S.K.: 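Have a look at this one.
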Amino acid sequence: MTETSNPPRQSVQAEDLLIRRMRTSDIPEVMLIESVSFGAHHWSAESFGFEIKNQIGRYYSLIHKGLNRLIGYCGYWLILDEAHITTIAVDKAFRGNGLGEVLLVKMLDRMGTQSVKWATLEVRASNFSAQQLYYKYHFKSMGTRPHYYQDTDEDALIMTTDNILSKEFRQVFRENRVQLMERLGGKLPEGAD
Ligand SMILES: CC(C)(COP(=O)(O)OP(=O)(O)OC[C@H]1O[C@@H](n2cnc3c(N)ncnc32)[C@H](O)[C@@H]1OP(=O)(O)O)[C@@H](O)C(=O)NCCC(=O)NCCS
């Protein structure tokens, strides 16, 4: 399935949300968002099952407590002092509320406790909204991987942060984090781990 319909956007506040490690029982709900968000290139349920047990992986689920429903997820691999973001997605009905940012902030917060220096990722050359999210957090484009996405033969943009422990990065991160909190009713979603 690909993104064809536009369900109404639903607003959300931090108090409605919980962010915690992804569990095997989350995978059916993850797959509903995954198939819509990534089309033919999406991961399988088996891939998620493998990834959440992967020693170098760290995956989070964003739960809407009132609806008792998973509305987003993200994850990364920790490779020495580099964290490679492998996935991030928000349920289409909840996009535009700062939740992609909530997930990115959660990962960057966690990376900050793991002596990570650089966060890296690949993003489709045409994925403007995701790129804007990463630019907002001062990821820089470092070049392309030609024909990386086999479904459309599209190039991937390689993006990376400067040292996330540097004063400059921390400053941008702090400012964005404060604005995000204001947007979500004065705090960030409660979280575990
Ligand atoms: C990318 C994605 C996770 C963003 O989630 P979201 O909850 O809609 O994004 P947010 O509301 O947190 O937006 C945060 C920032 O991202 C950028 N952004 C998000 N959507 C955007 C859009 N449609 N157009 C332009 N910029 C956008 C903006 O910089 C925005 O900051 P702002 O609100 O101050 O302008 C979401 O669009 C998604 O799930 N896409 C499908 C999966 C995907 O492409 N993942 C990325 C793989 S690399």
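What you see is a predicted model; the values in this text were computed from it and never measured. Because only heavy atoms are used, hydrogens play no part in the values below, and waters and symmetry mates are left out as well, while side chains stay in.
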S.K.: Identify the residue among H84, E51, E82 that makes a side chain to side chain donor-acceptor pair (under 3.5 Å) with W77.
M.R.: E51
S.K.: Using 0.5 Å steps for rounding, measure from the CD atom of Q13 to the CZ atom of R183.
M.R.: 10.5 Å
S.K.: When rounded to the nearest 0.5 angstrom, what distance separates OG in S129 from CZ in R95?
M.R.: 7.5 Å
S.K.: Which residue in the set Y134, F173, F169 passes ring-ring contact (aromatic ring centres under 6.0 Å, His included) when paired with F139?
M.R.: Y134
S.K.: Over 60° means perpendicular and under 30° means parallel, so classify the ring planes of H64 and F94, tilted if in between.
M.R.: tilted
S.K.: How are the rings of Y148 and H41 set to each other: parallel, tilted or perpendicular (split at 30° and 60°)?
M.R.: tilted
S.K.: Is W118 reachable from L108 through a run of I, L, V, M, F, W or Y residues, each pair having side-chain heavy atoms under 4.5 Å apart?
M.R.: no
S.K.: Please tell me if the side chains of L104 and K136 come closer than 4.5 Å, counting only heavy atoms from C-beta onward.
M.R.: no
S.K.: Under a 4.5 Å cut-off applied to non-hydrogen side-chain atoms, are Y137 and V105 in contact?
M.R.: yes
S.K.: Give the minimum heavy-atom separation between I88 and G100, together with the two atoms involved.
M.R.: CD1-O, 3.5 Å
S.K.: Using a 4.5 Å cut-off on heavy atoms from C-beta on, say whether the side chain of M107 contacts that of R58.
M.R.: no
S.K.: Check whether F50 and I27 end up in the same hydrophobic cluster, where Ile, Leu, Val, Met, Phe, Trp and Tyr are linked by side-chain heavy atoms less than 4.5 Å apart.
M.R.: no
S.K.: I'd like to know whether Y60 forms a side-chain contact (heavy atoms from CB on, under 4.5 Å) with M22, so could you lay out the CA-CA distance, the side-chain angles of the two residues, the decisive distance to 0.1 Å, and finally the verdict.
M.R.: CA-CA 5 Å; Y60 293 99; M22 191 185 286; over 6 Å; no
S.K.: Membership question, hydrophobic clusters at under 4.5 Å side-chain separation (ILVMFWY): are L133 and V12 in the same one?
M.R.: yes
S.K.: Once you round to the nearest 0.5 Å, how far does CD of Q114 lie from CG of D81?
M.R.: 12.0 Å
S.K.: Please assess D91 against L70 for the test side-chain contact (heavy atoms from CB on, under 4.5 Å), listing each intermediate value before the final yes or no.
M.R.: CA-CA 8 Å; D91 184 321; L70 186 148; over 6 Å; no
S.K.: Has K65 got a side-chain atom pairing as donor or acceptor with E15's backbone, closer than 3.5 angstrom?
M.R.: yes
S.K.: Kindly say whether A119 contributes a backbone atom to a donor-acceptor pair with the side chain of T160 at under 3.5 angstrom?
M.R.: yes
S.K.: Taking atom CG of D153 as the centre, does the number of heavy atoms from other residues, nucleotides or ligands within less than 6.0 Å exceed 12?
M.R.: yes
S.K.: Could you tell me which non-hydrogen atom of L103 sits nearest to which non-hydrogen atom of A89, and how far apart they are?
M.R.: CD1-O, 3.6 Å
S.K.: With clusters defined by side-chain heavy atoms of hydrophobic residues (ILVMFWY) lying less than 4.5 Å apart, directly or transitively, does V172 cluster with M181?
M.R.: no
S.K.: State the OG-CD1 distance between S61 and I33, to the nearest 0.5 angstrom.
M.R.: 9.0 Å
S.K.: Using the six-membered ring wherever Trp is involved, compare the ring planes of Y73 and F48 and label them parallel, tilted or perpendicular (cut-offs 30° and 60°).
M.R.: perpendicular
S.K.: Taking atom types as modelled, is there a side-chain donor on E175 or Q179 under 3.5 Å from an acceptor on the other?
M.R.: no
S.K.: If I take atom CD1 from residue I158 and atom OG1 from residue T144, how far apart are they, to the nearest 0.5 angstrom?
M.R.: 6.5 Å
S.K.: If you count the non-hydrogen atoms of other residues, nucleotides and ligands that lie under 6.0 Å from CD in Q132, is the total more than 12?
M.R.: yes
S.K.: Is there a side-chain contact (heavy atoms from CB on, under 4.5 Å) between R124 and T152? Walk through the geometry before answering.
M.R.: CA-CA 10 Å; R124 279 179 195 262; T152 53; 3.0 Å; yes
S.K.: About how many Å separate CG of L62 and CZ of R20, when rounded to the nearest 0.5 Å?
M.R.: 10.0 Å
S.K.: Would a distance-only check, ignoring hydrogens and angles, find a side-chain to backbone donor-acceptor pair under 3.5 Å from R145 to D155?
M.R.: no
S.K.: Within the 4.5 Å heavy-atom criterion, are H138 and E168 side-chain neighbours or not?
M.R.: no
S.K.: Just by distance, with hydrogens left out, do T87 and Y59 show a side-chain donor and acceptor under 3.5 Å apart?
M.R.: no
S.K.: Using every non-hydrogen atom in the two residues, find where L165 and G112 come nearest and quote the distance to one decimal.
M.R.: CD2-O, 4.4 Å
S.K.: Does the side chain of R110 reach to within under 4.5 Å of the side chain of L78, using non-hydrogen atoms?
M.R.: no
S.K.: Does any part of the side chain of R23, heavy atoms only, come nearer than 4.5 Å to the side chain of I52, both counted from C-beta?
M.R.: no
S.K.: Hey, mind stepping through E182 and V178 against side-chain contact (heavy atoms from CB on, under 4.5 Å) and telling me if it holds?
M.R.: CA-CA 6 Å; E182 284 166 5; V178 167; 3.8 Å; yes
S.K.: What's the shortest heavy-atom distance between V123 and A130, and which atoms?
M.R.: CG2-CB, 4.0 Å
S.K.: Give the cluster check for L121 versus L99: same hydrophobic cluster or not, with ILVMFWY residues linked at side-chain heavy-atom distances below 4.5 Å.
M.R.: yes
S.K.: Answer yes or no: is there a side-chain heavy-atom contact under 4.5 Å between M111 and K117?
M.R.: no
